[in-house]
Amino acid sequence: MTEQPKPILLVEDDPGHVLLIEKNLRRACVLNEIIKLDDGGKAVDYLFSEGEYAFADNPAPLLILLDMNLPVLSGLQVLQRIKADERTRRIPVVMLTTTDSPQEIERCYDLGCNIYIVKPVNYVKFSEAIRNLGLFLSTVRTP
Amino acid sequence: MQNLSFYTGKMTDEQLVSRQEQMECVERLIQSCAVPTFVIDSSHRVVLWNRACEALTGVNAADIIGSDDLGKVFYGYKRPVLADFVIDGNIEDVGNIYEVHAHSLLIPDGLQAEMWYTARDGAERYIFFDAAPIRNSSGETIAAIETLQDISDRKRAEEKLQRIAADLKESNDDIRSFAYIVSHDLRAPLVNLKGFSGELELALKELAPLFERALSMMEREERGRMEELFRKEVPEALEFIGSSVDRMDRLINGILKLSRLGIHPLKQEKVDMKSLVDSILKSLTHQLEKRQASVIVGDLPEVVADRTAMEQILGNLLDNAVKYLATDRTGRIEIEAETTPEMNLFHLHDNGRGIAEADQERIFEIFRRAGRQDMPGEGLGLAYVKTLVRRQGGRIWCVSRQGEGSTFSFSIPRAPNAKEQSAAGNITENKGDRK
């Protein structure tokens, strides 16, 4: 297969978290390009070729890692857009958040998020979660 | 006095005199009454205006007796007063003039109303008006009596209470969302702190073989210092950062848990406290046996409360009681209940290590732990319990003697939900009744 592997879209406004997530994905041997956006508005623009991405032909991401608390549009608002649109609703979405509020988790699943990850302070667990995600991705990609 | 001329028909002179005396007596009675009172006859003319009425309105009896335009004297413009509605019998129209009004509960066809009234001296008063018909022996309305009670103080107090209740609710909501936002947002930097100290550890691991090689190339005295930095000081610093972050994380989770308590809706159901306590004790069997403690459970009532909350309240209190039993005597825990007209009271006595008097209030505060710090815990349990008790409209307190034991007591209202109804809600309801 010569086809370029699909990128991963990471929407996260905390630069530290972006770096940690990226490092752990790489450590887990995920080689896909990681597109990093730091607010919800940009994510919507990217996915639906609006705003500054109006004329861009962006490849549909393999996976979207979406933080809950984002500027401009919240993670939930972005999730809603993604799952309501025929073009994007099949892309798996992983919600990232700092809390494990049951109501919040419920809302996410109601809106159709595929996985909900609480960013753990425990580094080992965090790495494991991200790495499992990476392993899952490599399994998917391997024929 | 001649104004009181309700009585018609033929009478003998003596009858007239005696009737006259009776009338004067009634008049004096009304005159002496401390409640502002006036009477109008069937043609709306004022026939009686007592001294208390003069004092309240600033209008002298001499200036108003005989007038059929009471509204104008009262308010400065032509309008009916409550007694006029009683005379005309059109009590259904009262609402056009008085926003807050009701039929009298005591007197048939009597009316009640209340409103702000500006007296001639400019003073604003909130008046409770009460008007009732006076009928002759054949049942015709020949006059109406009206009393005016100045309830401004009560009204102002009510309004103040309403405002305070609203303010309180607002600041409670603020605190709740504040705690939630704070704990939510505080965790984000912690993820970085922990994550990057982990990255540093990984970097050190990777560095280790390089470091060994570099060490061999160093001078002896340099090497000592380098080894200390690399093997001791840096890992030590990372460990402190790590354990502090973990602790901070536990504290933030504690705040988050408490703030969520306020959002979680309570479910009222019948809870058999006896079986609830028994099942908690079953889960504590191991600890109780280890401490060789005995538990005496008295007669416990059925309450109407949130089951999960009650489980957590008693679970925490019993867990504490067992945890802090004294080591030098056989542990003894007793649970009993007491019922007052409004509350179910529960008391948990133990003969444990007790709490110093100065600490007895503070132990219910979040993160506060009293006495010897030899047991694991974050200082959340009792803060959690207090919030749960208070949300159900109850109270919790502790009486203790250091070295002898403690009694934790809490109350749960017998009429559930008393607390959930705000004071503001109650006032509005009363007002509604009067309408």
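Just so we're on the same page: letters track the sequence lines, and every chain starts at 1.
The contact between A:Glu104 and chain B is made entirely by side chain atoms (from C-beta outward), counting heavy-atom distances below 4.5 Å.
Other residues, nucleotides and ligands contribute more than 12 heavy atoms inside 6.0 Å of the OH atom of A:Tyr109. The environment of CZ in B:Arg247 is sparse: at most 12 heavy-atom neighbours from other residues, nucleotides or ligands sit within 6.0 Å.
Smallest separation of non-hydrogen atoms from B:Val191 and A:Leu20: O-CD1, 3.7 Å.
Each ring-ring contact (aromatic ring centres under 6.0 Å, His included) pair with one or both residues in residues 27-47 of chain A, not counting sequence neighbours, appears once here: A:Tyr46-A:Tyr53.
Once rounded to the nearest 0.5 Å, the distance linking CG of A:Asn24 with CD of B:Glu199 reads 6.0 Å.
Formation of a donor-acceptor pair under 3.5 Å by the A:His17 side chain with backbone atoms of B:Ala188 is found in this model.
Looking at residues two or more places apart in sequence or on another chain, you find a side-chain contact (heavy atoms from CB on, under 4.5 Å) between A:Phe48 and A:Val44, A:Glu50, A:Arg81, A:Asp85, A:Arg87, A:Thr88.
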